[in-house]
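What follows is a set of notes on a single structure, which appears directly below.
Side chains are part of it too, since the values below use all heavy atoms of this structure and drop only hydrogens, waters and symmetry mates. Note that this is a predicted model, so its numbers are computed, not measured. For reference, positions follow the sequence shown, starting with 1.
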Amino acid sequence: MAELSKRMRAVADFVPAGHIAADIGCDHGFVSIFLLERGICPRVFAADVRTGPLMRAKEHIDREGLLSYITPILSDGLKNVPVGGADGAEVMIAAGMGGKLTIRILSDVPEKTGRLRCAVLQPQSEIALVRRWLSENRFVIAAETMVFEEGKYYPVLLACNVSHPENAALIQRARQRERLLEKRMEEAGFSEAERREAGEWLGCQLMAANSSVLSAFLQHTIEKDEGLLEKMPPCETEKGEGDGRIGKRRAELSDRIELARKVRGMMEA
């Protein structure tokens, strides 16, 4: 039985049961194996752009006797992966990569992305860019969680394609939670710009659920940014150099601290 880290278990738990999955950037293949062994997916395409990791994944899959159900594929994102139809992937998994790479994979073959039922994503960075891309490309974040592991916070999200008929109920419930959150934030005094920024940075579904891990992340962010501010030089220097850059960075940190405090206060009210 494949053993997963807390982060990767959260990813696997978001994969809807009964659908063929494409594990993009499969690395050792452990998520693919887990999905088969737990009966979550009938088949999985384990894809990686690098030959070395793909060969290791194939060895692990073979050792578990699952090569009839898990197909290793050398592929840059979804390019060589069958998507849609009776035998193609319906769910894409992309975990442990940067936000810009995640967006590139989703953007490279739009005809395939458009046939996906959903995507389970765990970006390591630039999560706001990923959320923005999804909202601009007919995907709705229907569920989201955050895990804390080895000193780091990891958001995991389930993005549903609005064009897929099986997603209607999930999307309706997600949008209802977003409307209720919007009302809470308005009543708490958030401006429209603050609501948008908080949604892209922190995730509407996490805020709506009053996630305790998100609350801890906000407190961590406040303390970290306050520490950075204390160590930064003042905006003005004797030579008058660097004022604009330092001032801009101090303002960014101060704004993030203020927004984090405001969101945390709303969640705990």
Side chains of [X] and [Y], heavy atoms from C-beta outward: is any pair under 4.5 Å?
X	Y	answer
His19	Glu166	yes
Ser163	Arg138	yes
Asp76	Arg104	yes
Ile73	Pro82	yes
Glu37	Leu66	yes
Leu229	Ile257	yes
Pro155	Leu214	no
Ser107	Thr113	no

Name of the residue among Arg250, Arg256, Arg261, Lys231 meeting salt bridge (Lys or Arg N to Asp or Glu O under 4.0 Å) with Glu226: Arg261

Lys/Arg N to Asp/Glu carboxylate O, Arg131 vs Glu200, below 4.0 Å: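 Here Arg131 does not pair with Glu200 in a salt bridge, since their nearest N and O are not under 4.0 Å apart.
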
Salt-bridged, Glu182 to Arg179, with N to O below 4.0 Å? no

Tell me the closest heavy-atom pair linking [X] and [Y], and the distance in Å.
X	Y	answer
Ala12	Leu4	CB-CD1, 4.0 Å
Cys41	Val44	CB-CG2, 3.9 Å
Ile246	Pro233	CG2-O, 3.5 Å
Ala260	Trp201	CB-CH2, 4.0 Å
Ile61	Ala46	CD1-CB, 4.3 Å
Asn161	Gly114	ND2-O, 2.9 Å

[atom1] of [X]: more than 12 outside heavy atoms within 6.0 angstrom?
X	atom1	value
Lys224	NZ	yes
Glu192	CD	no
Glu149	CD	yes
Glu186	CD	yes

May I have the step-by-step check of side-chain contact (heavy atoms from CB on, under 4.5 Å) for Leu218 and Leu202, ending in yes or no? CA-CA 9 Å; Leu218 290 168; Leu202 304 169; 3.8 Å; yes

Tell me, please, which residues at least two apart from Glu194 pass side chain to side chain contact (heavy atoms under 4.5 Å, CB included). Phe190, Ser191, Leu259, Lys262

What residues, two or more places apart in sequence or in another chain, satisfy side chain to side chain contact (heavy atoms under 4.5 Å, CB included) together with Leu134?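 Expected list: Leu106, Leu121, Val130, Phe139, Ile141, Leu157, Ala159.
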
Between Glu178 and Gln176, is any side-chain donor less than 3.5 angstrom from a side-chain acceptor?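 Absent: no donor and acceptor within the cut-off.
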
Does one side chain, of Trp133 or Thr102, offer a donor that lies under 3.5 Å from an acceptor on the other?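 Result is no, nothing qualifies.
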
Geometric cation-pi criterion, Arg7 with Tyr154: 6.0 Å, 45°: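 Judged by the rule (NZ or CZ under 6.0 Å from the ring centre, within 45° of its axis), Arg7 counts as positioned above Tyr154.
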
Evaluate the salt bridge (Lys or Arg N to Asp or Glu O under 4.0 Å) criterion for residues Asp62 and Lys58: first the C-alpha distance (whole Å), next the side-chain angles of each, then the deciding distance (0.1 Å), finally the verdict. CA-CA 6 Å; Asp62 189 28; Lys58 186 175 181 179; over 6 Å; no

Return yes if some donor-acceptor pair links the side-chain N/O of His60 with the main-chain N/O of Arg56 below 3.5 Å, else return no. yes

Kindly say whether Arg117 contributes a backbone atom to a donor-acceptor pair with the side chain of Asn167 at under 3.5 angstrom?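 The answer is yes, because a donor-acceptor pair under 3.5 Å joins these two groups.
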
Arg9/Val147 under side-chain contact (heavy atoms from CB on, under 4.5 Å): CA gap, chis, key distance, verdict: CA-CA 10 Å; Arg9 178 60 188 267; Val147 297; over 6 Å; no

Test side-chain contact (heavy atoms from CB on, under 4.5 Å) on Gln205 and Arg177 and set out the steps. CA-CA 7 Å; Gln205 300 302 320; Arg177 289 191 293 269; 2.7 Å; yes

Name each donor-acceptor pair under 3.5 Å that joins a side chain in residues 21-35 to protein atoms two or more places apart or in another chain, with its distance.
| residue | atom | partner | partner atom | Å |
| --- | --- | --- | --- | --- |
| Asp23 | OD2 | Ser32 | OG | 3.0 |

One pair to check against side-chain contact (heavy atoms from CB on, under 4.5 Å): Val109 and Arg115. What are the steps and the verdict? CA-CA 10 Å; Val109 278; Arg115 292 198 295 268; over 6 Å; no

Going through the distances and angles, do Glu252 and Arg249 end up as a salt bridge (Lys or Arg N to Asp or Glu O under 4.0 Å)? CA-CA 5 Å; Glu252 288 173 350; Arg249 181 57 177 157; 3.4 Å; yes

Listed once per pair and sorted, the ring pair (Phe, Tyr, Trp, His ring centres under 6.0 Å) pairs that draw on residues 210-229, sequence neighbours left out: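 Qualifying pairs, neighbours excluded: Tyr153-Phe217, Tyr153-His220.
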
Please round to the nearest 0.5 Å and tell me the distance separating atom CD1 of Ile171 and atom SG of Cys160. 5.5 Å

To the closest 0.5 Å, what do you measure between CG (Leu181) and CZ (Arg175)? 15.0 Å

Show, in sequence, the C-alpha distance, side-chain angles and deciding distance for Glu150 and Lys6, and conclude whether the salt bridge (Lys or Arg N to Asp or Glu O under 4.0 Å) test is met. CA-CA 10 Å; Glu150 296 182 353; Lys6 186 177 180 181; over 6 Å; no

State plainly whether one hydrophobic cluster holds both Met92 and Ile103, where clusters connect Ile, Leu, Val, Met, Phe, Trp and Tyr through side-chain heavy atoms under 4.5 angstrom apart.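 Same cluster.
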
May I have all residue pairs that pass side-chain hydrogen bond (donor to acceptor under 3.5 Å, both in side chains) and include part of residues 206-219, sequence neighbours excluded?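 Qualifying pairs: Arg184-Asn210, Ser215-Arg264, Ser215-Glu268, Gln219-Glu223, Gln219-Arg264.
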
Besides Leu54, the hydrophobic cluster formed by Ile, Leu, Val, Met, Phe, Trp and Tyr side chains linked at under 4.5 Å, directly or via other members, contains Met55, Leu74

